2 protein chains.
Amino acid sequence: LISFDRIRKIYRLSEIEIKALDDASFQIEEGEFVAIMGPSGSGKTTILNILGCLARPSSGEYLLDNKNTEQMNDRELARLRNSKIGFVFQNFNLLPRFSALENVELPLVYANVGKKARESLSLKALGEVGLSDRTGHLPSQLSGGEQQRVAIARALVNNPPLILADEPTGNLDSNSGREIMKLLHNINYQGNTIIMITHDQGIADQARRLIALKDGKIVKRDG
Amino acid sequence: LISFDRIRKIYRLSEIEIKALDDASFQIEEGEFVAIMGPSGSGKTTILNILGCLARPSSGEYLLDNKNTEQMNDRELARLRNSKIGFVFQNFNLLPRFSALENVELPLVYANVGKKARESLSLKALGEVGLSDRTGHLPSQLSGGEQQRVAIARALVNNPPLILADEPTGNLDSNSGREIMKLLHNINYQGNTIIMITHDQGIADQARRLIALKDGKIVKRDG
Ligand SMILES: Nc1ncnc2c1ncn2[C@@H]1O[C@H](COP(=O)(O)OP(=O)(O)OP(=O)(O)O)[C@@H](O)[C@H]1O
Ligand SMILES: Nc1ncnc2c1ncn2[C@@H]1O[C@H](COP(=O)(O)OP(=O)(O)OP(=O)(O)O)[C@@H](O)[C@H]1O
Ligand SMILES: [Mg+2]
Ligand SMILES: [Mg+2]
C-alpha cells in the first residue's frame, strides 16, 4: 500500500517560497494503474520523486508498503528504491558514457545478477521496446524517443513491483507510444503497480484511475 | 528560400552504417509554416540539425537563403545561425548555471544588444510563455515543461526569420501547448518561417504543410 498523508514540498529561493505540493493526500493499492495529470508546473514530478524516494517531503507522512519513509535514512531509502521501484525519468537520465545495453543492465548490477543473465535480460527488455538494433549506441547516438525507450527498458528490466513513469510517451510517435502502453498493460496485468504522469488524455484514459493536480493541490483523486 | 537536394546523413558505428537520412529533397519558401512528422528514429531531428547549420550532411546540397552551406566554414555557419535562426531543442539544451532570464538573453548577447534592452526583451519573452514568476530559477529549479518554455522564449527573443522547433509542446499540458501554438501563429503571421517537428497530430494540423518521414526517407512533402 502507498499512502500520502498531507504531503507538502516547499522550495525556498532567496526570499520567495514555492509550494510545489500543498497537502497532497491519497492512497494507492497494490496492482493499481494510476494516471497523474495536471498543468505544467503543478507538482506532478515532485509527487513522483517523493513516491520514488528520490526526494523527501517538507512535511506530511509517506508510507510505502506500510513503512514510514521518514524513519528511514538515505541508505535504507536507496535500498528500498533499488529493489522495489522502477523509475522512468522525464528527462530519461541515462548515463552518457554507457551504451543502451549497459544502461539497461544497471538495476541488475545493483541486484547482484550475474553477467550472462544481466545481458540476456537486458537484450530482451530492449527488444520489447523495439531497440534490438541500437543496443551498442551511446545516448548521444540515439534519437530522443530511442533514449526514452532505453529509459523505459531500464525501469522494467528487473520486474519491480512498483513502476513510476514520468511522461513515458512524450517523445514517441503514436505507434511507438501504443507499443509502450501495451507493455505497461502486460506488466500491470501480472500484478505490478503503475503510477504514470502524462499530458496525453488518450494515454491517461488507458489507466484505471486518475489523480489530477493543480497548483500543487489534488483536485481529483479517483475514477 | 530553403532547399534540400538529395541530402544524406550517414553515421558509422564500428562496422555498421546507419542511414539517418536517405536522399531527402524538398523546398520551403519564406513565411511557410511546416510540420515534420514521422516515427521515432526516422530522421526528423537530423533534418532540423542540418537545417539549423548544427550538423553537415554526408552528401547532397543544402541552400539557405540561396547560399550553399557546403562552401561555408564553421565560423560562417555559426554567424548565419546566430543571426537568422532560432532553435528549440528536443532536450531544451539550457545552460545549467544560468537562470531562465540569462538563458533567454543569450541570443541577444551574441547580437551585441545592450544590457537594458536585453533584459526587457527577455522579460517580455518569458512573459509570453507564462514564466514571469520563474525568471530567476536555474534549469534544475524548473519543471520539464517550464524548461521547455524557457527554451522556446530563448529561440524567439531576437525575432529570427527562421524558427526550427523540435517537439516544442512535448512536455506541455494541452492549455500550455495551445498558448505556445498561438505564439507561433502570431510570429508566422508577421512573416517568420517556422519548421516544427511534432508527434502530436493536433499540433501538426495547425501548420499549413506537412513533411512526413519514414526510415530516413521523405514519404510526403506537401499538403
Ligand atoms: N551520432 C549518431 N550515431 C549513430 N546513429 C545515430 C546518431 N544520431 C542519431 N542516430 C540514429 O539516426 C536515426 C535518426 O535519428 P533522429 O534523432 O533524427 O530521429 P528522430 O526522428 O528525431 O527520432 P525521435 O522522434 O525519437 O526524436 C536514429 O535511429 C538514431 O539511432
Ligand atoms: N529545486 C526547485 N527549486 C524551486 N522551485 C522548484 C524546484 N523544483 C521544482 N520547482 C517548482 O515547483 C513546481 C512544480 O514542479 P514539478 O516539476 O513537480 O512540475 P510538473 O507538474 O512535473 O510540471 P511539468 O509538467 O512541466 O513537468 C514548478 O513550478 C517548479 O518551478
Ligand atoms: Mg514534470
Ligand atoms: Mg528527435
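Each chain gets a letter, A, B and so on, in the order the sequences are listed, and its residues count up from 1. The shown structure was predicted, so the numbers you read here are calculated from the model rather than taken from an experiment.
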Under 4.5 Å from any heavy atom of chain B - which part of Thr45(A):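 Contact with chain B: none, neither part.
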Heavy-atom contact with chain B under 4.5 Å, split by part of Leu13(A): side chain
Contact leader toward chain A among His137(B), His199(B), Gln90(B), where contacts are heavy-atom pairs under 4.5 Å: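 Ranked by contacts with chain A, first place is His199(B).
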Note, Arg134(A) side chain near Ile18(B) side chain (heavy atom, < 4.5 Å):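 Arg134(A) reaches Ile18(B) side chain to side chain.
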Heavy-atom side-chain proximity of Asn91(B) to Gln147(A) below 4.5 angstrom: no
Polar contact flag, side-chain donor to acceptor under 3.5 angstrom, Asn171(B)-Glu167(A):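 Judged by distance alone, the side chains do not pair up.
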From Arg149(B), Glu179(B), Glu146(B), residue fulfilling side chain to side chain donor-acceptor pair (under 3.5 Å) relative to Ser40(A):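 Between Ser40(A) and the candidates, side chain to side chain donor-acceptor pair (under 3.5 Å) is satisfied uniquely by Arg149(B).
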Pick from Ser176(A), Gly41(A), Ser42(A) with the largest number of heavy-atom pairs that fall under 4.5 Å of chain B: Gly41(A)
